[in-house]
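Naming: A, B, ... by sequence-line order, numbering from 1 per chain.
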There are 2 protein chains.
Amino acid sequence: MSERRPQRADAKRNLDALVEAAKSCFAESGVDAPTRTIAEAAGVGVGTLYRHFPQRSDLVTAVFRHEVDACADAAPVLAEELEPDEALVTWLRRYTDFLGTKKGLGKALHSGDPAFDALPNYFVDRLVPALTSLLTTAEAAGSIRPGVNAKELLYAVASLSAPVDSENSAPGTDMVGLLIDGLRYAPQR
Amino acid sequence: MSERRPQRADAKRNLDALVEAAKSCFAESGVDAPTRTIAEAAGVGVGTLYRHFPQRSDLVTAVFRHEVDACADAAPVLAEELEPDEALVTWLRRYTDFLGTKKGLGKALHSGDPAFDALPNYFVDRLVPALTSLLTTAEAAGSIRPGVNAKELLYAVASLSAPVDSENSAPGTDMVGLLIDGLRYAPQR
DNA sequence: GATCTAAACGGAACGTCATTCCGCTACTAT
DNA sequence: ATAGTAGCGGAATGACGTTCCGTTTAGATC
């Protein structure tokens, strides 16, 4: 049960390089980017890729988790650097960036492949607490209306960021911006 | 612009056999069934398959259209054979069967592949008129409540037929049945 | 620093697909 | 019956994911 010799330094380096390379390749060519291409971009052989990620899908989930983590971890940092409401708004923008990044990744998620079943939960488990703390702080400071539910806001922003099928809304209307303003505008009671 | 020599009889026969074989293979192994397998099941070579359907996706769309057509064409037949309300109910059951058939096919539809962009419209264009005529007849006969919108009913039944993620509703409750009963129960005014 | 050993590595090789190509087959008009 | 051509079959190609194994090398020991 104890970790034997921890891990060789080059192995760790290669693993990081692989995740990074995969992130780039997925962003550039979609989640279907060939493993060979990713290995090459990371400067390793395919054998190395497959030792770290026995299945292609393992690499996909690793990238997903990595990006979710990065997004979640940004929350405390912003909370420390900015005023409560600015931290919140900046984080929501950061979150929409994250959503935009994973274009094809969303397709993979709902592809029915059981390899990805755990990801939606991971998404919620990591991001809801992050957003909740920002909301709580901002609410306590009186910067936003009270009673906003983190999970619902997460989903609302996600669906507003989703590409509209064709010409639903005027292209250029910043729906997320409207939503954020809505947060700030406390309802007269 | 005119059709040259119409088409050779064996070609037509092979094309039908291919669509039929593909339907079986898709039902049995999902939409990812290999072209070789489909060609073999149809008793033809892969070359023949590719002459008729230059891309794999062309075969998928052909099967989809074929099944939509079969479903739509059933409406007038039922209308002639049965009482208005029975025709309607029977057709709705037929429609749910169709929905069940294309398990994996739905995944393909929303896979983002532009080859399938036209299919949702085809679905609506074929099925809405079919259902509308049944609804109109039944409504005129006073068998169902008036004012039911065909497109909405189509979507409602589809979403009720969709597999529930986990344990939403009691497994065994026939939601579509409830809906149909709802049609018959005219609201007291 | 030299030596040793197992962790890691790289990339050729394999199996499975979709798709292409082209010499042969067999409809159909004459 | 014959010719001309639409249509056919299936080997070949190329792109993948994944496996295998001989070689390299980090890092522990002396």
What is the distance, rounded to the nearest whole Å, between atom [atom1] of [X] and atom [atom2] of [N]?
X: A:Asp58; N: D:dG17; atom1: CG; atom2: P; answer: 14 Å
X: A:Tyr50; N: D:dC21; atom1: OH; atom2: P; answer: 18 Å
X: A:Arg13; N: C:dC9; atom1: CZ; atom2: P; answer: 9 Å
X: A:Arg56; N: D:dT19; atom1: CZ; atom2: C1'; answer: 17 Å
X: B:Arg36; N: D:dC8; atom1: CZ; atom2: C1'; answer: 17 Å
X: A:Phe53; N: D:dT18; atom1: CZ; atom2: P; answer: 13 Å
X: A:Glu40; N: C:dC9; atom1: CD; atom2: P; answer: 17 Å
X: A:Leu15; N: C:dA8; atom1: CG; atom2: C1'; answer: 12 Å

- [ ] Give one of base, sugar-phosphate or nothing for A:Arg51, where a contact means two heavy atoms less than 4.0 Å apart.
- [x]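 Contact class for A:Arg51: base.
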- [ ] Quick one: label B:Ala9 by what it contacts on the DNA or RNA (base, sugar-phosphate, nothing), any heavy atom closer than 4.0 Å.
- [x]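 Since only primed, P, OP1 and OP2 atoms lie under 4.0 Å of B:Ala9, the category is sugar-phosphate.
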Does [N] have its OP1 or OP2 closer than 4.0 Å to a side-chain nitrogen or oxygen of [X]?
X: A:Thr35; N: D:dG17; result: yes
X: B:Asn14; N: D:dC8; result: yes
X: A:His52; N: C:dC9; result: yes
X: A:Gln55; N: D:dG17; result: no
X: B:Thr48; N: D:dG9; result: yes
X: B:Arg8; N: C:dT28; result: no

Among [options], find the nucleotide with the atom closest to the side chain of [X].
X: A:Val46; options: C:dA12, C:dT20, D:dG9; answer: C:dA12
X: B:Pro34; options: C:dC9, C:dA18, D:dG17; answer: C:dA18
X: B:Gln7; options: D:dC8, C:dC9, D:dG7; answer: D:dG7

Between [X] and [Y], is any pair of side-chain heavy atoms under 4.5 Å apart?
X: A:Arg184; Y: A:Val89; answer: yes
X: B:Leu92; Y: B:Leu179; answer: no
X: A:Phe53; Y: A:Val60; answer: no

TODO: Please report the closest heavy-atom contact between B:Asp69 and B:Tyr122, naming both atoms and the distance.
DONE: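 The answer is OD1-OH, 2.5 Å.
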- [ ] Using the closest heavy atom to pick a nucleotide of DNA chain C for each, name whichever of B:Asp10 or B:Asp32 lands nearer the 5' end.
- [x]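 Looking at DNA chain C, the more 5' nearest nucleotide goes with B:Asp32.
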Open item on the list: Can you tell me which residue among A:Arg8, A:Arg13, A:Lys12 is in a salt bridge (charged side-chain N to carboxylate O under 4.0 Å, His left out) with A:Asp10?
Closed with: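 The passing option is A:Arg8.
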